[in-house]
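Here's the structure we're looking at; comments come further down.
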4 protein chains.
Amino acid sequence: MTSGTRRRLAPDVRRRQVLDAAVAVFSEEGLHGASMDAIAARAGVSKPLVYAHGGTKDELFAACLAREADRLVSTLTTAALPDDGSGASSADARLRRALRAFFGAVTTHRQGWTVLYRQASTGEFAGTVDAARRGIVRRAAELLAAELGGSAEAAEPVAHTLVGAAEGLTDWWLGAERPAGDQEPADLLADMLMAVVWPGLDALRRP
Amino acid sequence: MTSGTRRRLAPDVRRRQVLDAAVAVFSEEGLHGASMDAIAARAGVSKPLVYAHGGTKDELFAACLAREADRLVSTLTTAALPDDGSGASSADARLRRALRAFFGAVTTHRQGWTVLYRQASTGEFAGTVDAARRGIVRRAAELLAAELGGSAEAAEPVAHTLVGAAEGLTDWWLGAERPAGDQEPADLLADMLMAVVWPGLDALRRP
Amino acid sequence: MTSGTRRRLAPDVRRRQVLDAAVAVFSEEGLHGASMDAIAARAGVSKPLVYAHGGTKDELFAACLAREADRLVSTLTTAALPDDGSGASSADARLRRALRAFFGAVTTHRQGWTVLYRQASTGEFAGTVDAARRGIVRRAAELLAAELGGSAEAAEPVAHTLVGAAEGLTDWWLGAERPAGDQEPADLLADMLMAVVWPGLDALRRP
Amino acid sequence: MTSGTRRRLAPDVRRRQVLDAAVAVFSEEGLHGASMDAIAARAGVSKPLVYAHGGTKDELFAACLAREADRLVSTLTTAALPDDGSGASSADARLRRALRAFFGAVTTHRQGWTVLYRQASTGEFAGTVDAARRGIVRRAAELLAAELGGSAEAAEPVAHTLVGAAEGLTDWWLGAERPAGDQEPADLLADMLMAVVWPGLDALRRP
DNA sequence: GATGAATGAGTGTTCATTCAT
DNA sequence: CATGAATGAACACTCATTCAT
């Protein structure tokens with residue numbers, strides 16, 4: 001009430017604050033289940049401020065989708081680079097590394113893309129979601145094409161398959177009781193998925 | 001309005017009519033996006049009738065989930081039986097047949113399970129959806145265990161992976177322009193998926 | 001379903017059956033709280049039959065009001081006659097007898113007038129209720145005028161007072177724990193009320 | 001609509017505004033007959049505002065009950081104090097003064113307690129109403145006990161009787177054409193009621 | 001610039017009432 | 001005739017969105 005009680009923050013910071021809260025609430029309550037009140041409360045700001053920095057509820061959700069999708073894409077891209085300085089690594093090692101990155105992202109940062117995009121796979125957001133998902137898959141296809149040879153277009157169905165498989169495995173892991181094990185989850189999941197798909201992918205390299 | 005005076009129908013018929021409309025609208029608009037008005041309008045009946053035959057919105061959605069899940073499960077189960085009279089068929093043939101059945105189901109009857117279950121992975125329905133999905137995956141795990149040996153429990157992560165992969169591939173196929181080809185879609189998709197996963201699965205048979 | 005399963009009853013009997021059920025349900029659930037379904041169920045008949053024999057919900061409620069009011073009026077009238085053949089009884093004995101009759105009626109037949117008229121003292125039924133209540137009070141005024149002398153008109157405010165007092169006392173008795181006592185409730189209540197009002201009424205006889 | 005653009009008012013003012021409208025509409029239409037739309041319209045505000053300041057319909061009704069009951073109780077309590085500075089007044093004068101206060105309250109502020117409490121004697125509000133009514137009657141019993149001697153408990157049935165009588169007399173006065181007279185209504189009614197009950201009450205003082 | 005207060009539009013749900021059988 | 005099946009109209013309640021302060 002006295003001027004100065006509420007801190008005046010830089011727009012970028014405020015925006016991130018709002019987006020973080022929005023991602024959290026959308027993940028927990030769902031697109032329609034989340035209320036702007038809840039998001040404002042979670043962000044610790046007033047509702048009009050949410051509108052000022054995040055726009056309409058739809059715009060806000062779209063922004064959340066975009067940011068989380070970007071995060072995932074950059075994670076994948078980074079992971080595709082050689083681990084250490086030594087550029088020498090085999091194809092399966094690079095793929096395993098990418099998968100580990102994917103699983104690492106979705107198992108640590110649970111309220112991310114994997115949770116968000118399911119909530120809007122239909123309805124007015126179908127298009128937005130689909131576009132974002134295709135972005136991810138396309139990046140995967142590029143990585144695959146680099147390993148397996150062939151064009152990125154040709155690799156797309158395989159990429160979709162792979163991403164779907166990874167999501168399915170993630171569902172299993174997120175689901176019930178985790179099997180006890182000393183392995184890092186991301187390593188375990190990457191190994192499991194590689195065991196199923198690598199022989200087939202390897203055979204596809206030179207038809 | 002549509003058909004003139006109000007017709008009197010058998011309860012079973014009406015119930016199916018309502019469920020069909022509900023599945024359609026839920027698939028298009030999502031759980032929260034769908035309004036009971038819209039469902040009633042789609043079914044060509046009045047709203048109270050929807051309540052009479054489908055119960056609460058939540059109950060109605062649960063009923064949709066259950067019906068579509070059952071459909072898919074029985075499709076898979078039927079497909080696991082030997083094609084012709086000859087009981088002699090190899091493991092990969094049986095798996096390919098099951099996959100063909102799955103793809104056939106989800107590509108023909110598009111507004112089905114695959115669309116529905118994604119909408120409710122969060123929120124109050126998480127439990128219901130998860131249970132239904134686990135039913136499907138468990139059936140897949142049983143089929144897999146029969147082929148690969150080992151317990152159904154051990155096969156569960158693989159089953160999740162497989163179902164996820166199939167869903168991902170379906171997304172691709174439902175997505176953009178379908179590649180022209182004379183093959184039946186279900187056959188094409190089953191072949192693609194088999195190419196990726198069978199070598200790996202085969203290697204898992206005897207560790 | 002087979003013809004003859006449902007008994008065909010005389011219209012009067014049916015009507016009474018319906019009215020009884022309606023009074024019971026209205027008393028328990030209130031005017032708006034009662035549903036025609038509930039009334040039909042309580043009467044053991046189908047809903048259209050309720051409409052056939054009882055008319056609209058409003059008409060049905062009005063009929064209930066009228067019947068119960070009549071019951072009370074005739075109770076009062078009967079009670080005002082000399083108890084036995086001997087016409088010789090004092091004024092206070094006759095008044096006490098009428099009060100005993102009133103209290104007897106409302107304490108035994110609890111779902112009667114006293115419960116019903118309160119539910120509709122306002123709204124669309126205000127008029128109906130008021131008319132019925134005035135009927136009761138007018139009868140009381142006639143009885144009072146016969147005892148106290150003077151015209152029935154002059155006795156009306158006194159009659160209202162008396163009926164209100166009796167209702168208030170009834171509320172108390174129906175309320176919490178009844179004081180243990182061997183006296184019949186109606187006798188007890190009549191005595192209590194007489195103790196308060198008779199001296200005053202007696203003084204009014206000859207101003 | 002009524003007053004043009006939306007005004008911003010202090011919460012207390014708005015709350016009273018809403019409560020006033022609610023009491024008015026509940027009195028006219030009854031608990032179930034009143035719609036939140038009607039209350040909002042009567043208050044000249046939008047429906048959500050009614051919810052913001054009055055809560056659920058049930059809570060709103062309960063608040064109305066409570067406020068009107070409090071009003072009546074404080075009226076009675078105030079009236080029991082000596083009129084002028086002279087603390088010396090007889091028992092019948094004090095009782096007459098309390099009755100005058102009661103009649104003054106219910107004849108001036110017609111849409112008050114007397115109208116409200118009758119609407120909810122059955123159903124979910126029976127408890128709330130009964131509690132409130134008991135509060136009023138208990139206050140009356142305390143006043144009576146102070147005059148007549150004895151405990152407040154013992155005075156309760158008498159208090160119920162008295163309150164009922166007063167309500168009955170009020171009904172008569174509110175009812176048809178008022179008898180022309182120069183007396184203040186409250187004085188007239190108090191005198192009439194005193195004439196009927198005082199001799200009896202006086203006789204109860206020393207049994 | 002940040003906010004409490006206010007609203008328009010829409011949702012799920014129920015009920016009195018009536019055809020068609 | 002008596003009924004199950006169907007509906008139109010309404011109601012309580014909520015939420016995304018925006019002024020006035």
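Residue numbering restarts at 1 for every chain, and letters A, B, ... go by the order of the sequence lines. Please read these numbers as outputs of a predicted model, since none were measured by experiment.
Comparing A/D58 and B/H53 against DNA chain F, the residue whose closest nucleotide sits nearer the 5' end is B/H53. In terms of position along DNA chain F, the nucleotide closest to C/V45 lies nearer the 5' end than the nucleotide closest to the other residue of the pair D/S35 and C/V45. If you find the closest nucleotide of DNA chain E to B/M36 and to C/G55, the one lying nearer the 5' end belongs to B/M36.
D/K47 places its NZ atom 7 Å from the C1' atom of F/dC13, with the value rounded to the nearest Å. Here the P atom of nucleotide F/dT18 and the CG atom of A/L49 are 15 Å apart, to the nearest Å. When rounded to the nearest whole Å, the span between CZ of C/F61 and C1' of E/dA16 equals 16 Å. Residue D/L60 contributes atom CG, which lies 16 Å from atom P of F/dC11 at whole-angstrom precision. Going from atom CD1 of C/I39 over to atom P of E/dA16 covers 8 Å, rounded to whole Å. With rounding to whole Å, C/D37 atom CG is found 13 Å from F/dA6 atom C1'. Distance CG (D/L9) to C1' (F/dT21): 13 Å, rounded to an integer number of Å.
Aromatic ring pairs are classed by plane angle as parallel below 30°, tilted from 30° to 60° and perpendicular above 60°; the pair B/F61 and B/F26 is perpendicular.
Taking B/R71 as the reference, B/E68 meet the salt bridge (Lys or Arg N to Asp or Glu O under 4.0 Å) condition, with sequence neighbours excluded.
At least one side-chain nitrogen or oxygen of B/T56 sits closer than 4.0 Å to the OP1 or OP2 atom of E/dT13. When the side-chain nitrogen and oxygen atoms of C/R14 are compared with OP1 and OP2 of F/dC1, none of them lie within a distance under 4.0 Å.
Looking at the side chain of A/K57, the nearest of the listed nucleotides E/dT14, F/dT17, E/dA2 is F/dT17. Side-chain atoms of D/P48 lie closest to E/dA9 of the nucleotides E/dA9, E/dA16, F/dT7.
A side-chain hydrogen bond (donor to acceptor under 3.5 Å, both in side chains) with A/D20 is found for one member of A/R15, A/R42, A/R67 and no other, namely A/R67.
With salt bridges taken as basic N to acidic carboxylate O contacts below 4.0 Å, none links B/D12 and B/R16.
The side-chain hydrogen bond (donor to acceptor under 3.5 Å, both in side chains) pairs that include a residue from residues 44-66 of chain D are D/D37-D/K47, where partners are two or more places apart or lie in different chains.
Residue-level contact check: D/A38 touches neither bases nor backbone, having no heavy atom under 4.0 Å from any strand. Residue C/H32 is classed as having no contact, given no heavy-atom separation below 4.0 Å to the nucleic acid. Heavy atoms of D/A10 sit nowhere under 4.0 angstrom from any nucleic acid atom. C/A40 comes within contact range of no nucleotide atom at all, as no heavy-atom separation falls under 4.0 Å.
The shortest distance between side-chain heavy atoms of C/L31 and C/L116 does not fall below 4.5 Å.
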Q: Convert the base pairs of DNA chain F into dot-bracket notation, remembering that pairs crossing earlier ones are written with [ ] and that bases paired across to another strand are shown as |; include only Watson-Crick or G-U pairs under 3.5 Å.
A: .||||||||||||||||||||

